[in-house]
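Just so we're clear, the structure is a prediction, and the values are computed from it rather than from any experiment. Just so we're on the same page: letters track the sequence lines, and every chain starts at 1.
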Number of protein chains: 2
Amino acid sequence: MFKVTFRFENGEAVDGFAAAEENLLEVARKTNVAIDAPCSGNGSCGKCRVKLLKGTLNSPRTRHITEEEYAEGWRLSCASKVEGDIEVEVPDIASAYRSRMKVADLSSPEEVAIFDNAKADVEAAGIVLKNDMEVVDVTMDAPSLEDTMPDNERLMRALKKQMQVEHVILPYTVICKMADVLRETNFSVRCVIGRTGSKGNIFVYDIFPKDAKVIIGGLAIDIGTTTVSALLIDMVTGDILGKASSGNGQIRYGADVINRIIESAKPGGRRRLQKAVIDETINPLIQQMCRAAKFPNKQIYRMCVAGNTTMNHLFAGVNADPVRMEPYIPTFYKTNSLYASDLGLTVNPDAHIIIAPNIGSYVGGDITAGTLVSMLWNKPEFSLFIDLGTNGELVFGNSDFMMSCACSAGPAFEGGDISCGMRATDGAIEACTIDKETMEPTFTVVGDPGQKPIGLCGSGIIDVISELFSAGIINPKGKFVREGERIRRDKYGMGSYVLAFQKDAGAEKDVEITEVDIDNFIRAKGAIFSAIRTMLNSLEFDVSMIEEVYVAGGIGSGINMKNAVNIGMFPDIPLEKFHYIGNSSLSGAYTMLLSKEAERMTYQVASNMTYLELSTVPTYMDEFVAACFIPHTDTSMFPSVSQQ
Amino acid sequence: MFKVTFRFENGEAVDGFAAAEENLLEVARKTNVAIDAPCSGNGSCGKCRVKLLKGTLNSPRTRHITEEEYAEGWRLSCASKVEGDIEVEVPDIASAYRSRMKVADLSSPEEVAIFDNAKADVEAAGIVLKNDMEVVDVTMDAPSLEDTMPDNERLMRALKKQMQVEHVILPYTVICKMADVLRETNFSVRCVIGRTGSKGNIFVYDIFPKDAKVIIGGLAIDIGTTTVSALLIDMVTGDILGKASSGNGQIRYGADVINRIIESAKPGGRRRLQKAVIDETINPLIQQMCRAAKFPNKQIYRMCVAGNTTMNHLFAGVNADPVRMEPYIPTFYKTNSLYASDLGLTVNPDAHIIIAPNIGSYVGGDITAGTLVSMLWNKPEFSLFIDLGTNGELVFGNSDFMMSCACSAGPAFEGGDISCGMRATDGAIEACTIDKETMEPTFTVVGDPGQKPIGLCGSGIIDVISELFSAGIINPKGKFVREGERIRRDKYGMGSYVLAFQKDAGAEKDVEITEVDIDNFIRAKGAIFSAIRTMLNSLEFDVSMIEEVYVAGGIGSGINMKNAVNIGMFPDIPLEKFHYIGNSSLSGAYTMLLSKEAERMTYQVASNMTYLELSTVPTYMDEFVAACFIPHTDTSMFPSVSQQ
């Protein structure tokens, strides 16, 4: 046994123990030390670096570590074996995640547009935008020596009479505070109530003095594999009070759902993964958002969560292992068993958690919620709904039928697995053109005017690859075939294109895109395109029969559909058919939270949807390989691109 | 500001800060240092002693501290004012409470007799001894690629079909474990279920592999002001699996309910008082009892709590201040809002807590539960039910009417406020005779043969006082009027009688009874007797009309009714009318826990009971003063005593 001391930037340290030859990343996880490892330790992402302070490690230099860095002691923990007592420094991942957190500026109409649209769309389909929660004022007779009814019966009696119901439930939180609140304003109070069950019985979520300003808060959350987004709303008016997003803290345990499940099945893993998404991601999001909105977090009385099946299960702290093993049976598709207090969420402990329903192990609530607001279920046109997440999911159909499928795209659409990749937040290059002659780029950066580029978000990467290809700088395989000031090659010959040199960038290094990045992105777009083809083929449809395409996901609102077609990500059909609908998982969760009818409709949408398991279709793999070119091995599928 | 360092026996220390002249006990409480103070700091009990190690304290010597002790540094913290930086040693109260904890030996038939009697009595009254909980075995079809229903729907479907119900609720705890349990025995499981609501819907408390040995545990608790008793039962058979009792950890915040309420109203007080009874008393009781019974505490799925109104409220962590202030309105008389997880009880988190109903601020669930098992509500005879607790409570009536009242007796019946007092556990003198000539005592000690005496429990004190009086050793005022080897006087002239010299005792000092003890006990018995008189007078009844008397409480099963009459505690009526029914609060809670019908009957008993507030009866105070003699100022009320 060797001793491994992990030192942190804040000066703290933790000791762990390792067997001879034990993998350092595994030792860290066992010791509950957070090291970023989106590729889950297969050596591909280069993010799990630690700095060796004392002792020696059996650890080769990899392409992710320069010679200077290696000399300074930097090692990839996933590639390191322990051979003696050592001391390593671990970069502070928690603060890195916090810095990636972004509270939205709601004064920008763009931030709230998708929710207004979602509301308008479902309302147009006849769905009432109303839930069962409301604020009611109640006045009781004050007690006296002649009228000694205790507080709880007094309040229940008054509510039963006023609301004409048989049963009133006062939960523990209300029992605890009622003696003080009732006496503060002489037995006139303001209650937050919900009507439950078919008889409209009343659940009292909270009580306040009679003149208190009370807004019933609701929280919609999209738990993506890579990104978590949240929305704070007024449950009565539907107004957006706050919006924020952040990286999913689980990413250090693996970039995709399979690696996360494997990690969660290790001893203590379920709790670790749940902690990463709740304590380290969602609770800080709630805190930041509530602080910005000046809203008390305990006045959030209901939540709606949309996420894929694995994210739902890891969020709930439920064994997700059966999700990845035949016959792929999760604990739940939908459940109404979860409350905030069960999961340690920092909202009102009685807040009920609505879960957007999963329809299988690999098509989850993010897709059913997204399908709701795509309105595909309510239209005669054959429509395709594409959610570009870490898993790419597709739904094709109309008001008569719906089929879904899922493919593993990886985190590239959200900037993951891309050396300068980032989400579509301040500093992200979201659109780009490249001069065919000079090879000089012109780009748009998310943020205030003058914001310097820091990295590339999904829509920016599409543009850059499309422009590099159009300018003949890269070939259909994504390899660099021209030379110039902005084109560099490392000593292994791997090419890259510099979008912004460090002096012009907001980061401490050049903003560039490498052949590895392009290769990762080509595989992601290939997965999407081949999934579209395979699903349509299985229905004996052709891409020409698609009447509308709804594109969703955190890829960025600046997505240039023409460029996405150019690189062979989307089928070559008229551009006016494409619509970007933003984070439909979040707007769907918002709609379900706000409207009981919308919630019910989502369950119905889920139960009407069939699922195609792509891996069982013999031609899928061939389709995928053929799609891993720009735009495709069969260029006849992309006549508009060939014309250029 | 001065610094006060509190040192503990285990070597730990805590620093607090005090203003000049600040009371040391208050400083300790502010600093959350536990110092025993049953009189809540009024200087009467002498239990809050600390040892001054460094610095000086403005602290007079009191009658509770000998000159030697004072010289050693012992001070009463409630009588001490801080005048500089000091360091004091605090006796370890927590371990003292633990050592006072007692797990009963169930092989003794006496320990379970009162519960068997209670069961037989309520059953004879036509009450079915059955609740809504049971163990059911369910077998599901195992899932396959063709049958992909998720686990939760699969289990709910099977239960709905088997049990013929519409709704099945799976709480979070079950959702969390079901993936593993279902797969452990190939989708055949054993469930702990409860039927809820009028339609008999099912709540699934727990699931186990199909061959698991599963007993549904239930927990009955009597929360007395001085003593807490608990019972672990099999909810299906009613078998007693464990029994234990302990001092109430709140006692250091005051011996009576008023002092506890005052303490709870200070900043942080509610949490402190709740912690004292739950974390320091009930949870350790559960742990000890479950360990002795080899029973997993998480398999306790329901609880019933009986206690007075203040104890209920402090247990729930609810503001109890309105209980003591006009118009004396508590938050609840009864409530079904409490679950184990709300209060941090170490049983199953979904365990529902049944509260024996209070009927007013000063007649609580201990009395309604006790009245249930006294069977007074089901008999034509005029009966008197007396619960000898820290509050003495009385119920008088029959199947046609019931009246209750409460008086403050103090903790003397349970051995509190008595220098050698203790509960009726091993080492307690529970019965005694004293030779009129030699003044030598003969006594019975609780415990195995050969157990040496440690102190006196309530029944022992009654005997000793009665015998001292009969032998003419004390006068009607309780003052010593004879001299002898066993009679001692301190330098103030205060007399005491030694029951066992240190060499014969199991304690480190003599077991004795002092004039102060006798005085405390006389006031306690005076409170009871005057309450009986006042209540009967208000109904225009005379003591001769009482047909049965049921005596309950922790006074000890050895209570000698003749002696209790001799000292004027109970009215002078034929002895065969008296029945000791033990801790009826606990046996009532047991019955309510076991039987839904008994629970409903208790609510009915509570709603049929009227309450007499003694303080509003002008003659009560005179009655009390007249009763503070042995046996009474008016000896004509005690003809049988006068005859002797």
Side-chain angles (χ1 to χ4, degrees), chain A residues 142-155 167 169-183 197 204 270 309 313 316-323 325-339 341-343 349 353 358-361 611 613 616, chain B residues 142-155 167 169-183 197 204 270 309 313 316-323 325-339 341-343 349 353 358-361 611 613 616:
Chain A
S144 66
L145 283 172
E146 286 68 46
D147 173 10
T148 59
M149 181 175 269
D151 293 348
N152 66 338
E153 292 176 32
R154 191 172 296 273
L155 178 59
H167 293 289
I169 299 169
L170 302 178
Y172 178 64
T173 51
V174 171
I175 290 285
C176 271
K177 69 192 282 197
M178 70 188 307
D180 297 311
V181 174
L182 291 186
R183 283 161 186 78
V204 181
R270 265 156 74 177
T309 310
H313 279 58
V318 170
N319 184 354
D321 223 30
V323 170
M325 292 193 301
E326 205 178 300
Y328 315 110
I329 309 297
T331 293
F332 59 85
Y333 284 166
K334 58 181 196 280
T335 174
N336 51 20
S337 298
L338 305 181
Y339 291 84
S341 59
D342 293 325
L343 307 186
I353 303 172
N358 309 312
I359 70 157
S361 277
Y611 172 63
E613 175 57 49
T616 64
Chain B
S144 66
L145 283 173
E146 287 67 47
D147 174 10
T148 59
M149 182 176 267
D151 293 349
N152 66 337
E153 291 177 33
R154 192 171 295 273
L155 178 61
H167 293 289
I169 298 169
L170 302 178
Y172 178 65
T173 52
V174 171
I175 289 286
C176 271
K177 71 192 280 199
M178 69 188 308
D180 297 311
V181 174
L182 292 186
R183 283 162 185 78
V204 181
R270 265 156 73 178
T309 310
H313 278 59
V318 169
N319 184 355
D321 223 31
V323 170
M325 292 193 299
E326 206 178 299
Y328 316 109
I329 308 298
T331 292
F332 59 85
Y333 285 166
K334 59 181 195 281
T335 174
N336 52 20
S337 298
L338 304 182
Y339 291 84
S341 59
D342 294 326
L343 307 185
I353 304 171
N358 309 313
I359 70 156
S361 276
Y611 172 63
E613 173 57 49
T616 65

Seminar exercise, completed: In terms of heavy-atom pairs under 4.5 Å with chain A, the winner among Glu153(B), Arg183(B), His313(B) is Arg183(B)
For this session: Sort out for me which of Gly360(B), Pro349(B), Pro322(B) touches chain A most, counting heavy-atom pairs under 4.5 Å.
Result: Pro322(B)
Seminar exercise, completed: What one should report as the nearest heavy-atom pair of Pro327(A) and Ser144(B) is CB-C, 3.5 Å
For this session: Give the member of Asn152(A), Ile169(A), Val318(A) that has the highest number of heavy-atom pairs under 4.5 Å with chain B.
Result: Asn152(A)
For this session: Under 4.5 Å heavy-atom distance to chain B, tell me which part of Thr331(A) shows up: side chain, backbone, both or neither.
Result: both
Exercise. Can you say whether Phe332(A) sits under 4.5 Å from chain B via the side chain, the backbone, both, or neither, judging by heavy atoms?
Worked result: both
Seminar exercise, completed: The interface call for Leu155(A) against chain B, heavy-atom contacts under 4.5 Å, is neither
Exercise. What do the steps show when you test Tyr328(B) against Leu145(A) for side-chain contact (heavy atoms from CB on, under 4.5 Å), and what is the final call?
Worked result: CA-CA 8 Å; Tyr328(B) 316 109; Leu145(A) 283 172; 4.0 Å; yes
Problem set entry | Partner chain A: residue of Leu338(B), Ile329(B), Asp321(B) with the largest heavy-atom pair count (under 4.5 Å) | Ile329(B)
Exercise. Does Arg270(B) come within less than 4.0 Å of Asp180(A), counting only side-chain N to carboxylate O?
Worked result: yes
Seminar exercise, completed: So, the part of Asp147(A) with a heavy atom under 4.5 Å from chain B: the answer is backbone
Seminar exercise, completed: Answer key: most heavy-atom pairs under 4.5 Å with chain A among Arg154(B), Lys177(B), Lys334(B) is Lys334(B)
Exercise. For Ser337(A) and Pro171(B), which heavy atoms make the closest approach, and how far apart are they?
Worked result: CB-C, 4.2 Å
Exercise. Is it the backbone or the side chain of Pro143(A) that comes under 4.5 Å from a heavy atom of chain B, or both, or neither?
Worked result: both
For this session: Quick one: which of Ala142(B), Ser341(B), Pro330(B), Ala320(B) has the most heavy-atom pairs under 4.5 Å with chain A, could you say?
Result: Pro330(B)
For this session: Give, for atom CG of Leu182(B) and atom CG of Asn319(A), the distance between the pair rounded to the nearest 0.5 Å.
Result: 11.0 Å
